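Following: one structure in structure tokens, then a few remarks.
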Amino acid sequence: MRKPIIAGNWKMHKVRDEALEFVYLVSQHVPPIEEVDTVICAQAVLLRSLVKRQGDNLRIGAQNMFYEDKGAYTGEVSPVTLEDAGVKYVIIGHSERRQYFHETDEDVNKKVHAALRHNLIPIICVGERLEERENNLTNQVVERQTVLALKGLTQEQVKNIVIAYEPIWAIGTGRTATAEMANETCGFIRSVIAREYGQEVADEDRIQYGGSVNPDNIKELMAQEHIDGCLIGGASLDPYAFIKMANYKKL
Ligand code: 13P
């Protein structure tokens with residue numbers, strides 16, 4: 001049985017006071033960590049203060065990091081700093097990073113290795129663009145992204161990752177993939193992991209869906225065989241909506 005993981009990706013939103021208030025409130029209403037992993041991924045400058053407020057059942061994640069531990073890399077955030085701040089998760093290779101900051105599959109792979117070296121669980125984002133889906137290239141794209149992201153990892157390491165399938169055309173558009181469509185691609189990603197690392201590893205790996213998830217559609221998405229969690233953007237900014245989604249079993 002894979003433990004569900006519900007994560008909010010705040011992107012570039014919220015100042016410190018709002019963020020602290022949110023985390024304080026939400027941490028009291030999320031399910032026990034033994035049942036569901038609940039995560040908030042915030043801007044780097046907020047992480048340390050949020051970790052102090054996370055409580056017993058909520059965990060804090062970063063939205064990006066660099067792959068080197070230290071050095072002359074002006075403006076980058078080191079995995080060492082994240083680990084030191086008590087951060088547990090880090091989103092790697094979000095489509096916005098790939099699109100606006102030109103992150104490649106190779107960068108993603110280096111970041112995944114660096115995250116695991118520093119005890120951070122990488123939430124690795126994969127997903128196709130609209131024209132790729134329309135040209136039946138979805139599987140080809142997510143297969144390439146998944147294989148290259150995990151290149152060089154041991155089977156044990158691959159058990160410690162989370163994949164987030166986020167079709168780019170569903171992000172921030174209000175246009176969600178149907179639950180069946182999302183499940184089909186998440187199942188395909190699992191079959192790629194099984195081929196590369198064995199069925200046992202693939203059965204343990206958690207695969208999230210992301211793209212216009214909200215309190216009205218989360219239950220159906222989470223009911224799918226291959227969807228073990230959601231990575232939520234816009235709808236994660238409202239604490240009451242986030243509490244509902246973390247408690248999707250009760251909806
Ligand atoms: P939305 O939920 O706003 O579509 O964003 C999804 C996303 O990019 C999460 O990482």
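Treat the numbers as computed from the prediction; the structure is a model and nothing was measured. Below, each value reflects all heavy atoms present in this structure, side chains not excepted, and no hydrogens, waters or symmetry copies.
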I'd like to know if the side chain of [X] pairs up with that of [Y] as donor and acceptor (distance under 3.5 Å, no hydrogens or angles considered).
X	Y	result
Glu128	Trp169	yes
His94	Glu166	yes
Asp107	Thr104	yes
Glu143	Asn139	no

So, the side chain of [X] versus the backbone of [Y]: is there a donor-acceptor pair under 3.5 Å, distance only?
X	Y	answer
Lys111	Gly93	no
Arg16	Leu46	no
Glu103	Arg98	no
Glu132	Arg129	yes
Gln54	Leu50	no
Gln224	Glu220	yes
Asn247	Lys250	no
Asn57	Ile33	yes
Asn109	Lys151	yes
Trp10	Ser236	yes

Exercise. Please lay out, stage by stage, how Val90 and Ile92 fare under the test side chain to side chain contact (heavy atoms under 4.5 Å, CB included).
Key: CA-CA 6 Å; Val90 57; Ile92 304 279; 4.0 Å; yes

Quiz item: Once you round to the nearest 0.5 Å, how far does CD of Gln208 lie from CD1 of Ile232?
Solution: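 Taking CD in Gln208 and CD1 in Ile232, the distance rounds to 8.5 Å.
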
Quiz item: How many angstroms lie between OG1 in Thr146 and CZ in Phe188, if you round to the nearest 0.5 Å?
Solution: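 Between Thr146 OG1 and Phe188 CZ, I get 8.0 Å after rounding to 0.5 Å.
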
Quiz prompt | Any residue meeting salt bridge (charged side-chain N to carboxylate O under 4.0 Å, His left out) with Lys52, in chain and number order, not counting sequence neighbours | solution =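 Lys52 satisfies salt bridge (charged side-chain N to carboxylate O under 4.0 Å, His left out) with no other residue.
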
Quiz item: Step by step, would you call Gln157 with Asn160 a side chain to side chain contact (heavy atoms under 4.5 Å, CB included)?
Solution: CA-CA 5 Å; Gln157 284 178 314; Asn160 260 318; 5.7 Å; no

Self-check item: Test item: Asp205 and Ile163 side chains (from C-beta on) under 4.5 Å apart, heavy atoms
Solution: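 Not touching, per the 4.5 Å side-chain cut-off.
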
Quiz item: Hey, are the side chains of Glu106 and Leu148 touching, using non-hydrogen atoms and a 4.5 Å cut-off?
Solution: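 No - every pair of side-chain heavy atoms lies 4.5 Å or more apart.
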
Quiz prompt | Verdict with supporting geometry, Lys249 and Glu35, salt bridge (Lys or Arg N to Asp or Glu O under 4.0 Å) | solution = CA-CA 11 Å; Lys249 288 180 188 167; Glu35 289 170 26; 5.1 Å; no

Nearest heavy-atom pair of [X] and [Y]: which atoms, and what distance?
X	Y	answer
Arg2	His226	NH2-CA, 4.4 Å
Thr38	Ala246	CG2-CB, 4.0 Å
Ile227	Ala179	CD1-O, 4.3 Å
Pro4	Arg206	O-NH1, 4.0 Å
Ser95	Ile171	OG-CD1, 3.3 Å
Thr185	Arg133	OG1-NH2, 3.5 Å

Practice problem: Evaluate side chain to side chain contact (heavy atoms under 4.5 Å, CB included) for Leu231 paired with Val213, printing each intermediate quantity in order. | Solution: CA-CA 8 Å; Leu231 183 56; Val213 176; over 6 Å; no

Donor-acceptor pairs under 3.5 Å, side chain of residues 115-127 to any protein atom, not counting sequence neighbours: which ones?
unit_1	atom_1	unit_2	atom_2	d
His118	ND1	Glu83	OE1	3.4
His118	NE2	Asp69	OD1	2.9
His118	NE2	Asp69	OD2	3.4
Asn119	ND2	Glu83	OE2	2.7

Quiz prompt | Atom CD of Gln140 with >12 non-hydrogen neighbours under 6.0 angstrom | solution =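 Atom CD in Gln140 is not crowded, with 12 or fewer foreign heavy atoms closer than 6.0 Å.
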
Quiz item: So does Lys3 have more than 12 non-hydrogen atoms from other groups sitting under 6.0 Å from NZ?
Solution: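 Yes, because the 6.0 Å sphere around NZ of Lys3 holds more than 12 heavy atoms from other groups.
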
Self-check item: Intermediate values then yes/no, side chain to side chain contact (heavy atoms under 4.5 Å, CB included), Glu134 and Leu130
Solution: CA-CA 6 Å; Glu134 286 170 349; Leu130 183 59; 3.7 Å; yes

Self-check item: Mutual orientation of the aromatic rings belonging to Phe22 and Phe242 [parallel < 30°, tilted 30-60°, perpendicular > 60°]
Solution: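 The rings of Phe22 and Phe242 sit tilted, inter-plane angle from 30° to 60°.
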
Practice problem: Report whether Val51 and Val23 are members of the same hydrophobic cluster (ILVMFWY, side-chain heavy atoms less than 4.5 Å apart, transitive linking). | Solution: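 As far as the 4.5 Å side-chain criterion goes, Val23 and Val51 are connected within one cluster.
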
